[in-house]
Each structure stands twice: as C-alpha cells, then as structure tokens.
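Below you'll find the structure, written out as structure tokens, and then a few comments.
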Amino acid sequence: MKIKYVFIFFFMLYQSQSSSQHLSFDKVKDSINAIILKEDIPGISLAIIDEKKSLFWSGGFGMANIENGIPMSENSLLYTASVSKNFIALAVLKLVEDRKVSLKDPIKEIIPEINFQNPWKDSKPITLEMLLEHTTGFDDTRYNNFIGKDNEILPLETLLNTYPNALHSRWKPGIMFSYSNLNYTMAGYIIERLSGLPFEEYIRQNILTPLKMNQTKLEGFTTKFDSLAMPYGYDFVKQESVPFFNNGGVGKNFMQRPASFVITSSKDMLKYLNFYLTLNENDSSIVKTSAIDRMENGETGYDSKLKLDGRYGLGNKPGLRDIRLFGHNGVAWNQAFFMYNRDENIGYYVATNCSYPIPEVRRLLNAFLLQDFKFDKIREYTSSSIAIPFEGFYETVTSRNEILLFFDKMRYAGNLKVENDTIYFDGGLKQRKYKAFKGSDKKRIALNRVDKEFVKQRNMASAGLMLDDNDEQLVVWDSGNAMVYFKRTTPFIHYFKKTSLFGSIAILFLSSLIILIKSIVLAIIKKKVRFSLLNSLIITISVALCIMIRVAIPNNPFELIALGAINSKTISFFLLSILLPLISLLFFINLFKRVYKRKPLKHKLIYSLVCYAILYLNIFMLHNGFVGLQFWNY
C-alpha cells in the first residue's frame with residue numbers, strides 16, 4: 001500500500017465531507033485521487049451532472065494503461081458489463097413506441113422458434129416485460145455458455161437453441177425476481193426479429209446516433225480499440241495491478257452479448273446521462289417520458305405489488321439511500337455504475353479498469369450530489385403488531401443458479417419476530433430492524449429499515465411481508481443487489497441440514513487428520529507405515545471431497561469461466577463425483593465386516609459417526625445434482 005501521508009490526506013478529505021462544510025466538486029476530485037492511491041485502483045472514468053449547480057463534467061483519474069503511461073481521460077473506453085442492459089431495455093421501449101410490439105405480448109408469439117420451457121404456459125405465459133424485469137424464473141447463464149472463443153460470434157437464435165438447459169421457468173413466471181443474463185439475450189434476439197437488424201445496429205441507429213455517442217463500441221471484446229483502457233487484476237504476491245488479458249482487448253468473448261456488450265467513454269456517457277435528465281422537460285426523439293417512467297418501476301413481481309422502492313424495472317435497478325437513484329451496475333473484470341434521478345436533475349457514470357469494487361467512490365459521489373437534498377414528505381408508520389401473524393422461521397426459495405440454491409438456503413434464512421413495536425428479521429447475514437408503513441394491510445405490509453445506519457432512508461420501502469398466490473406467507477427483502485424471497489419453514493429441518501452438512505465435512509476431515517497423525521507417530525516409533533483398508537478409504541473420500549470443493553468454488557472470474565470447459569479440473573470433478581459413492585459403498589461394506597462384527601463398542605461408535613458423515617454427504621450430493629455433474633454440459 002502507499003505511504004502514510006496518503007491515509008492522512010484521505011482522512012482529512014472525508015472529514016470535510018461529514019462536516020457542515022459544503023463539499024465542492026474540487027474536493028470530490030481530490031478525494032477520488034486519494035482513494036485511487038489508497039486502494040491501488042489503476043484508473044477511474046467519471047461522468048457527472050448536477051443541473052442545479054450547472055455541473056456537466058466528464059474525465060478520468062489515474063491510469064488507463066500503466067505499462068505505457070497512458071492516463072485515464074474522458075475519451076478512454078471501458079467495458080460497462082451489465083450497464084448494457086439499460087440500452088437493451090431502452091431499445092425495446094423504442095420498438096413498443098413504434099407499435100412493433102407490446103410489453104404484455106407473450107414472447108412465445110414473438111419468437112416461437114426458441115426452445116424454452118414454461119410449465120405454466122397456458123395460465124401464465126412469459127411476456128416481454130417479465131423478460132426485462134427478470135421474473136421469468138429462468139436460471140442465470142450457465143458455465144458452458146458464458147464465454148466463447150475469441151471473435152466467435154454465434155447468431156442469437158443458434159446460441160439460445162444450442163444451450164436451452166437454463167431456459168426453464170423454475171416457478172410461475174411474473175411473481176419472483178431472479179437475475180438472469182439469458183433474459184436479455186432473448187430480449188436482444190427479439191429486437192433483431194422485430195427490427196430486421198442486428199441488435200447492435202438497431203441500438204446504434206436509434207440510440208447512439210441520435211445522442212451523438214460516436215465513441216461507443218458495441219462489439220469486439222477482444223479487439224484493440226484506440227483509447228482502450230487496459231483491464232487489470234491485482235497480484236497479491238507482487239502487490240501490484242497486472243493486466244487481465246494478453247490480447248489487448250477489454251475482455252473475454254461473452255457469448256450472451258446482449259446482456260453485456262457496451263464499450264464506452266465518460267464523454268459519451270455524459271450524453272447518455274443528459275438524455276435521461278432532459279426528459280424532465282420534453283419527450284425525446286427516442287422515447288417519450290412515459291416510457292422512462294415505466295422503465296423505472298417494476299410491475300410484474302411480488303416486490304412490485306408491495307411497491308418496494310428498490311424493485312427492478314426494465315433494465316433499471318434503483319439504489320436505495322436518501323433518494324431513489326435509478327440506473328444499473330455492471331460487474332466483470334471491471335466495475336461500472338450508471339445512476340441518476342430525474343426529479344433532482346443529478347446523475348453519474350463511474351467505471352474502473354479493475355476487478356475490485358469502489359464503494360468509497362460511490363459513497364463520495366452520492367454525498368456530493370445529495371448534500372442539499374431534503375425530504376418533501378415523511379411517510380408515517382403503523383403499529384408493527386400488524387406483522388405478528390408473520391412471525392416464524394423463513395428460508396429463501398430463489399437463486400440465480402439452481403445449483404447454488406442449497407448454499408443460498410443456508411445463507412439466507414432466519415427468524416422474523418415483533419418486539420417493542422419493531423420488526424426484527426435475521427434472514428441475511430445479520431439482524432435487521434424494520435417499521436411497518438401506514439397503509440399496509442394484513443395481506444401486504446411494506447417495511448422500512450430503521451437500523452442506525454439507515455436512519456436517512458426513512459422514506460423507502462426496502463422489504464415487505466405478504467401472502468403469495470397460494471396464500472402462503474412470504475418475506476420479500478431487497479439485499480441491495482437483488483430481491484430475495486423467503487417462505488416459512490421448520491427451523492429444525494433447516495438447522496439439521498446445515499449442521500449435518502458442515503458437521504459431516506468437519507468429522508470427515510478431522511478423522512482423516514487423526515488417522516494421518518496416528519500413522520506418522522507409529523511410523524516414527526515402529527519405523528513403518530500402515531493403513532487399514534477402512535482408514536485408507538476415509539482418507540481417499542476426504543481428498544476427493546477437497547478436490548471437488550476446490551473446483552466447484554472458483555476464486556476469480558477466470559476460474560469461473562474455466563468451469564464451462566472440458567479441462568483437468570472439470571473432468572476430475574465429474575470422475576470423483578461418480579467414484580465417491582462407489583468408494584463410500586466399499587467403505588460401508590467393509591465397515592460392517594471389519595468393525596460391527598469384530599470391534600468393541602468404542603470403535604463401533606467412532607466409526608458410526610464417520611459412517612453418518614459419509615452417508616449424509618453422499619445423500620447431499622445426490623439430492624443437489626452433484627453426482628455425475630458435467631460442468632461443461634450443465
């Protein structure tokens with residue numbers, strides 16, 4: 001890290017932010033430079049508008065290319081990742097205004113040639129607005145259709161029909177949000193079918209050209225463009241930023257490209273921001289103001305019925321703090337955020353050419369743009385006793401990837417209770433406090449978070465309680481990145497599964513460690529190494545499990561990408577997932593023959609504990625689809 005004066009400088013700047021002194025844009029720029037030094041961020045691209053202060057600014061901080069000494073500027077091109085979804089949604093709304101399609105149209109009528117599965121197709125067909133609001137129930141992009149070969153561009157129809165496994169509604173469409181890049185791959189294809197143009201060309205003609213966004217690129221992740229900012233990762237051994245790619249481009253070839261395809265500069269994003277903010281005054285040549293109103297407000301999910309302020313709209317996910325900041329974020333080997341508020345005439349686009357997050361920069365920009373903001377109205381609370389019928393234990397029922405649902409269920413689960421006119425819910429990583437808004441009824445209760453750090457968020461409905469379509473109790477919680485849905489369950493079953501899983505892993509690894517230590521000690525004393533067949537099988541199962549866990553939990557984007565290909569790691573997972581039950585069966589047979597028939601009670605009890613651990617882990621793997629899992633075909 002950098003020398004001490006950087007921390008002192010950074011601290012002093014932030015102290016000025018929290019004091020009564022006005023935070024000027026010059027101080028903001030100084031603070032960003034300090035954050036870059038403190039956090040070892042290569043570079044930051046920024047566009048910012050505050051019409052009340054007549055501030056329209058675009059530029060850069062730090063370096064676009066460290067090796068060649070090129071500073072970040074307003075012309076530097078960066079990959080925006082999922083900020084691209086905002087462009088896709090805007091293009092669809094343009095088609096809606098041109099009467100080429102309706103948001104209520106079932107997508108099966110628009111693209112009947114695409115093979116997707118919806119068990120509720122007769123009673124609840126998937127519509128275009130469900131696609132754009134991520135309420136189709138589709139799995140997210142799977143490992144094998146995430147990254148393609150450099151410059152290999154599959155037609156979207158071919159792509160969607162080649163990898164149909166994730167295109168299956170896991171629950172009734174139009175009720176629960178679950179982020180899926182595939183939704184926007186489909187939306188991109190719909191743009192092509194309705195317009196007769198590649199989706200990139202339609203967006204170029206109908207959005208970029210009218211806004212004079214001449215620097216923006218819509219293709220060529222592996223292309224070396226002029227003014228391209230080099231993406232960097234951080235080498236913790238060398239303690240320095242190192243280039244992610246050796247091809248000179250902005251990244252890998254993302255196959256689901258309509259979900260993540262825009263490469264742009266802060267100079268062009270200043271124009272894009274200005275487009276949204278000037279809609280306050282007049283309809284644009286692209287879409288009317290009413291279209292953006294719809295874009296900012298989700299209508300299809302349970303969170304929309306509760307009127308939660310953070311609900312996902314059409315390519316638009318509001319951030320919750322003092323006011324709703326609309327827009328989208330993007331995360332890949334870099335970070336990008338596009339946020340605005342039309343009522344306050346403020347907004348910013350900020351992006352980095354590195355993979356690590358920039359929360360301090362975003363907090364700084366929010367503090368600067370919102371420092372003069374005052375609430376016009378304060379929504380009143382009703383008695384929290386209205387939530388007493390919802391007391392109980394809850395477990396999440398949604399996941400971006402179905403294969404990770406077991407993990408989400410363990411992470412997102414907990415009690416809801418009402419005490420001292422406050423609603424407590426610990427369904428995430430810590431307990432949260434809520435009050436119920438006035439106007440709630442017994443079937444739908446909108447909640448405001450009232451923890452100390454959320455005291456300014458007193459106007460925002462950020463969670464809710466409701467009865468679903470089957471009159472089952474449901475908790476809807478805005479995690480900040482996504483909506484998480486919880487249903488009532490039995491705490492015993494939840495904790496039994498959780499304790500059994502982690503307990504079984506601990507028992508197995510501890511047993512292996514004891515066996516190894518004992519063998520080493522005996523080898524030193526008796527000068528020879530001996531393993532019984534049972535002990536050898538325990539160690540073998542432990543090693544196999546370690547390898548599978550290591551393969552299935554990637555540490556970085558490249559390991560995640562590698563899961564989608566046939567390689568030594570994915571092949572080893574596949575083979576071990578099949579061998580593990582067979583080795584376990586051999587263990588059970590020998591356990592019965594060699595221990596239960598011959599050994600004293602003490603040995604029987606110890607081996608029974610290991611037996612339970614191995615049995616539970618096999619049942620867990622089988623139940624969650626890990627046995628025989630081919631990541632490259634998942």
Side-chain angles (χ1 to χ4, degrees), residues 1-2 6 25 28-48 56-84 150 208 213-235 238-254 260-273 329-338 348-362 364-365 556-558:
M1 301 304 286
K2 305 298 179 180
V6 174
F25 188 54
V28 169
K29 290 188 285 186
D30 289 341
S31 294
I32 291 175
N33 282 318
I35 293 169
I36 284 176
L37 290 172
K38 173 181 176 287
E39 300 294 336
D40 283 316
I41 297 171
I44 289 177
S45 178
L46 175 66
I48 187 167
F56 294 81
W57 190 91
S58 62
F61 304 85
M63 304 303 294
N65 189 305
I66 296 171
E67 291 71 26
N68 295 328
I70 301 173
M72 190 76 77
S73 73
E74 66 173 356
N75 301 310
S76 299
L77 296 174
L78 286 89
Y79 178 49
T80 64
S82 286
V83 172
S84 307
D150 286 358
L208 301 188
M213 295 175 66
N214 303 319
Q215 294 181 330
T216 301
K217 314 294 182 183
L218 302 181
E219 62 280 312
F221 303 111
T222 58
T223 303
K224 174 62 176 174
F225 297 113
D226 291 337
S227 302
L228 194 66
M230 178 72 71
Y232 289 93
Y234 194 78
D235 188 324
K238 297 179 180 178
Q239 293 213 348
E240 63 182 19
S241 296
V242 295
F244 253 129
F245 308 105
N246 56 17
N247 58 22
V250 296
K252 290 285 187 179
N253 183 14
F254 185 55
S260 186
F261 66 103
V262 175
I263 302 166
T264 191
S265 66
S266 61
K267 183 177 181 179
D268 269 9
M269 287 304 289
L270 188 69
K271 299 172 184 176
Y272 197 58
L273 273 171
N329 71 306
V331 179
W333 18 85
N334 67 311
Q335 305 272 323
F337 296 87
F338 163 69
Y348 62 84
Y349 159 79
V350 61
T352 67
N353 56 338
C354 62
S355 58
Y356 24 105
I358 50 170
E360 291 176 333
V361 175
R362 292 181 58 219
L364 177 66
L365 294 172
N556 56 59
F558 293 105

Is a side-chain donor-acceptor pair under 3.5 Å present for Ser265 with Asn75?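 Not at all, the side chains of Asn75 and Ser265 share no donor-acceptor pair under 3.5 Å.
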Using distance alone, with no hydrogens and no angle criterion, decide if Ser84 and Tyr79 have a side-chain donor and acceptor under 3.5 Å apart.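 No pair is found: no donor N or O on one side chain lies under 3.5 Å from an acceptor on the other.
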Starting at [atom1] of [X], measure out to [atom2] of [Y] and round the result to the nearest 0.5 Å.
X      : Y      : atom1 : atom2 : value
Gln335 : Ser355 : CD    : OG    : 7.5 Å
Glu360 : Leu365 : CD    : CG    : 12.0 Å
Gln215 : Ile263 : CD    : CD1   : 13.0 Å
Ser73  : Phe61  : OG    : CZ    : 12.0 Å
Leu208 : Leu218 : CG    : CG    : 5.0 Å
Leu46  : Ile32  : CG    : CD1   : 5.0 Å

Closest approach of [X] and [Y], non-hydrogen atoms and distance?
X      : Y      : result
Tyr356 : Ser241 : OH-OG, 3.1 Å
Met63  : Pro71  : CE-N, 3.8 Å
Asn253 : Thr222 : N-CG2, 4.5 Å
Pro42  : Asn353 : CB-OD1, 3.5 Å

I want to check something: taking the side chain as every heavy atom from C-beta on, are [X] and [Y] in contact at a cut-off of under 4.5 Å?
X      : Y      : answer
Tyr349 : Ser45  : yes
Ile41  : Ile35  : yes
Met230 : Phe245 : no
Leu77  : Lys217 : yes

Tell me if the aromatic rings of Tyr232 and Trp333 count as close, with their centers under 6.0 Å from one another.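 No, too far apart.
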So, do Phe338 and Tyr272 have ring centers that fall under 6.0 Å from each other?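 Aromatic pair counts; centres sit under 6.0 Å.
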Please determine whether side chain to side chain contact (heavy atoms under 4.5 Å, CB included) holds for the pair Leu364 and Val28, giving the CA-CA distance in whole Å, both sets of side-chain angles, and the decisive distance to 0.1 Å. CA-CA 7 Å; Leu364 177 66; Val28 169; 4.0 Å; yes
Exactly one of Lys267, Lys271, Glu74 should register a side chain to side chain donor-acceptor pair (under 3.5 Å) with Ser58. Which one does?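 For Ser58, the side chain to side chain donor-acceptor pair (under 3.5 Å) test succeeds with only one of Lys267, Lys271, Glu74, which is Glu74.
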Test item: Asp40 side-chain N/O and Ile36 main-chain N/O as donor-acceptor pair under 3.5 Å: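 No: the side chain of Asp40 does not pair with the backbone of Ile36.
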Flag, side chain of Asn68 to backbone of Ile70, donor-acceptor distance under 3.5 Å: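 Not at all, since once roles are kept as given, no pair shorter than 3.5 Å links the two residues.
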Should Asp268 and Thr216 be marked as a side-chain hydrogen bond (donor to acceptor under 3.5 Å, both in side chains) after you check the CA-CA gap, both sets of side-chain angles, and the distance that decides it? CA-CA 7 Å; Asp268 269 9; Thr216 301; 2.7 Å; yes
In a check of side-chain contact (heavy atoms from CB on, under 4.5 Å) between Phe337 and each of Val350, Val331, Thr80, which one passes?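 For Phe337, the side-chain contact (heavy atoms from CB on, under 4.5 Å) test succeeds with only one of Val350, Val331, Thr80, which is Val350.
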